[in-house]
Protein chains: 2
Amino acid sequence: MVTLNDIAKMANVSKSTVSRYLNNGSVSQKTREKLDKIVQETGYQPNLLAQSLKAQKSNMVGVIIPRYGSPSTNEVLKGIDSIAYTEDIQLMITNSDLDIERTKKNIRLLQRQKVGVIILLATTIDEELEEQLRTSKTPIIIVGQKLSGLPAYVYQDYEAGRLIAEHAIKLGHRHLLFVGVTEEDYAVGVLRKKGFYDVAKQNGAQVSFIQSDFSRSQNYEKALKYLPQTKATYIAAATDHMAIGIFNACMELGVQIPNQISLSGFGGYSETRNVLPHITTIQYSHSEMGETIMKAALQTLETGKNRLHTELPVQLLIQGSTEELKG
Amino acid sequence: MVTLNDIAKMANVSKSTVSRYLNNGSVSQKTREKLDKIVQETGYQPNLLAQSLKAQKSNMVGVIIPRYGSPSTNEVLKGIDSIAYTEDIQLMITNSDLDIERTKKNIRLLQRQKVGVIILLATTIDEELEEQLRTSKTPIIIVGQKLSGLPAYVYQDYEAGRLIAEHAIKLGHRHLLFVGVTEEDYAVGVLRKKGFYDVAKQNGAQVSFIQSDFSRSQNYEKALKYLPQTKATYIAAATDHMAIGIFNACMELGVQIPNQISLSGFGGYSETRNVLPHITTIQYSHSEMGETIMKAALQTLETGKNRLHTELPVQLLIQGSTEELKG
DNA sequence: CTGAAAGCGCTAACAA
DNA sequence: TTGTTAGCGCTTTCAG
């Protein structure tokens with residue numbers, strides 16, 4: 001491997017001259033040309049490890065994702081990556097596989113790697129992890145979970161629930177059904193539902209609730225069982241994926257969407273367009289979230305500080321699966 | 001930041017002793033206990049950059065992906081990650097965003113990071129890139145593209161095309177339609193199609209062809225236009241995603257699947273199960289591919305060598321969208 | 001079992 | 001403009 005030292009010897013100059021040539025540039029025309037040539041010929045590339053060691057930090061940003069393949073995570077990554085790329089900073093992506101211990105381990109690893117900032121796409125946080133987050137010398141940006149006193153980026157999930165309910169009410173629906181998930185997931189299980197309920201009740205609508213999980217199959221099964229006996233004319237599923245499961249059950253049972261029942265999700269992923277009619281949903285602008293986070297990360301890289309939490313707005317996307325209640 | 005040197009001073013021993021304590025272990029009981037305590041209290045963590053610099057290499061594996069969010073890429077990543085995790089080796093994932101220049105740049109970056117191996121999930125390769133691949137000091141494992149003389153991992157795409165055609169023939173279909181993509185994509189555009197054609201012709205079936213692209217919408221549009229006039233009773237789309245577009249068009253036109261027309265895809269992603277009936281497809285075991293690659297990477301890490309190309313088998317997955325031709 | 005010393009590749013004073 | 005020197009944090013001979 002050709003090193004800076006090699007180059008120096010070949011050119012009969014000192015290492016510092018080569019280093020200057022590579023960085024600042026205060027070198028004579030002559031030596032510059034000489035070095036140009038040598039670097040060209042040897043294909044020399046500075047060793048990043050050495051540079052980072054010297055600088056006491058790398059210009060890398062660590063990202064901890066909950067798992068591969070989640071559409072939302074992918075969108076966020078795209079946003080992060082787009083900014084990182086234009087700013088020429090390198091991403092170190094690690095996967096915690098929904099495992100809190102792996103999350104902790106990944107944080108340690110990234111710290112040891114001397115990344116400048118860590119972006120944590122969080123799911124659950126226990127005490128030990130919280131402690132780790134609070135005491136980390138490396139700044140950590142938390143996404144998706146609020147922790148008092150720690151900087152975090154979240155969506156307006158309560159607002160999202162309200163938007164869907166308002167939409168349903170506006171269409172004239174009075175019998176609503178919310179298909180939700182465990183309250184352990186604060187954003188999806190609590191906030192979306194609460195927003196939905198609050199608006200529904202304010203408007204005197206009837207709301208019923210089914211607890212389900214995130215899988216398509218589970219929602220399909222539940223819907224098959226529950227649909228025939230429901231009086232609801234509007235079903236709000238807590239995620240798009242869940243909505244797809246319910247959608248399939250409707251097809252199976254010959255229940256027409258949106259004629260007989262309106263159906264909506266949350267998420268705004270392209271999968272809502274995999275079925276016809278497309279499913280009304282709440283758009284979470286994940287890529288925008290990614291960009292926002294990455295910009296915050298950049299600022300943190302420069303200043304060493306990061307600001308407190310920010311909530312990103314969401315948007316109602318009306319598609320074909322919801323319709324005005326038939327007289 | 002607390003360093004090995006700090007620990008040494010605190011314990012009144014030399015750096016080498018601490019280093020030995022951390023690695024080999026040839027230390028007296030006494031000093032070991034002393035160090036245990038200090039390390040515990042200070043929360044000391046060895047600097048990975050320094051370690052890697054010293055060792056002249058990091059135990060990282062670089063992965064270059066074509067873009068975020070592709071289902072196949074995600075599956076491959078899962079496979080890679082699962083092995084990497086158990087072997088405790090760190091992944092450095094970079095995104096080339098389907099841009100060949102970015103690919104080249106990423107390779108250089110990873111080389112400078114001193115990763116042990118680079119895994120390249122390739123799309124297109126031009127001369128310059130090929131040169132880069134051939135001359136790289138860092139071993140590079142290529143996935144998805146064959147290059148003579150370079151180690152690579154690919155799928156049996158020709159075989160995949162054959163399997164689908166055999167399936168159609170076996171069901172009694174005589175009028176087949178293949179919806180494909182540009183031949184610039186060798187695996188999808190050429191091999192799958194060729195396998196399909198070869199079997200179809202061997203069996204005296206009629207085959208027609210429509211050139212489309214990878215998007216759902218484009219295939220939806222094309223199908224809307226073409227379906228009413230086709231005599232085909234079996235449509236083979238070149239990917240699952242394309243098949244979904246065609247599926248939607250059938251729904252729109254009231255063409256019943258599989259009663260009137262059988263439809264299949266390639267890919268085996270879960271999206272084939274987003275619609276009812278589920279779509280018959282060819283399973284590409286991407287996660288298995290990921291595991292295979294990562295194992296190869298590990299071997300390369302140890303031996304410094306990597307073997308020549310390997311083809312991974314594919315599998316027919318029969319679901320509800322294909323059916324025996326009605327008399 | 002332990003310590004001194006050298007060195008991985010690079011940068012940054014400080015002199016010259 | 002250039003070279004000398006020291007040092008980032010760690011590992012690894014080689015003596016003791």
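Residue numbers begin at 1 in each chain, while the letters A, B, ... track the order of the sequences.
Using a 4.0 Å heavy-atom distance criterion, B:Val18 is classed as making no nucleic acid contact. In this structure, A:Thr31 reaches the sugar-phosphate backbone alone: every heavy-atom distance under 4.0 Å involves primed, P, OP1 or OP2 atoms, never a base. Among the protein residues, A:Tyr44 comes within range of the sugar-phosphate backbone only, with heavy atoms under 4.0 Å from sugar or phosphate atoms but none that close to a base. Counting any heavy atom pair closer than 4.0 Å across all strands shown, B:Thr3 reaches sugar-phosphate atoms only and no base atom.
B:Tyr21 places its OH atom 16 Å from the C1' atom of D:dC10, with the value rounded to the nearest Å. Atom CG in A:Asn47 sits roughly 10 Å away from atom P in C:dT11 (whole-Å rounding). The separation between B:Met1 atom CE and D:dC10 atom C1' is 12 Å, rounded to whole Å. Here C:dT11 presents its P atom at 7 Å from CG of A:Leu22, a figure rounded to the nearest Å. Atom CG of A:Leu53 is separated from atom P of C:dC8 by 13 Å (rounded to the nearest Å). For B:Lys54 and D:dC8, the NZ to P distance is 15 Å, given to the nearest whole Å. Following rounding to the nearest Å, A:Gln113 (CD) and D:dG9 (P) show an atom-to-atom distance of 16 Å. The separation between A:Leu48 atom CG and C:dC8 atom P is 19 Å, rounded to whole Å.
Checked by atom type and distance alone, the side chain of A:Ser136 never pairs as donor or acceptor with a backbone atom of A:Leu133 at under 3.5 Å. Between the side chain of B:Thr135 and the backbone N or O of B:Glu131 there is at least one donor-acceptor pair closer than 3.5 Å.
Both A:Asn12 and B:Ser16 sit near DNA chain D, but only A:Asn12 has its closest nucleotide nearer the 5' end. A residue-by-residue look at A:Asn23 and B:Ala50 shows that B:Ala50 has its nearest nucleotide of DNA chain C further toward the 5' end.
The side-chain heavy atoms of A:Gln90 and B:Leu109, taken from C-beta on, include a pair separated by under 4.5 Å. The closest side-chain heavy-atom distance from B:Val115 to B:Val61 is not below 4.5 Å.
Taking the ring centre of A:Tyr21 as origin, the terminal cationic atom of A:Arg32 falls outside the region bounded by 6.0 Å and 45° from the ring axis.
One N or O donor and one acceptor, one from the side chain of A:Arg20 and one from the base of D:dG3, sit under 3.5 Å apart.
In terms of phosphate contacts, A:Gln51 brings a side-chain nitrogen or oxygen within less than 4.0 Å of OP1 or OP2 of C:dT11. Proximity of A:Thr17 to the phosphate of D:dG3: a side-chain N or O atom is located under 4.0 Å from OP1 or OP2. Between B:Asn5 and D:dC10, a side-chain N or O to OP1/OP2 separation shorter than 4.0 Å is absent. Residue A:Ser28 places none of its side-chain N or O atoms closer than 4.0 Å to OP1 or OP2 of D:dT1. Put simply, B:Ser26 has no side-chain N or O that comes within less than 4.0 Å of OP1 or OP2 on C:dT2.
Below 30°, between 30° and 60°, or above 60°: for A:Tyr155 and A:His286 the angle between ring planes is above 60°, a perpendicular geometry.
The side chain of A:Gln56 approaches D:dG9 more closely than any other nucleotide in the set D:dG9, D:dG3, C:dG9.
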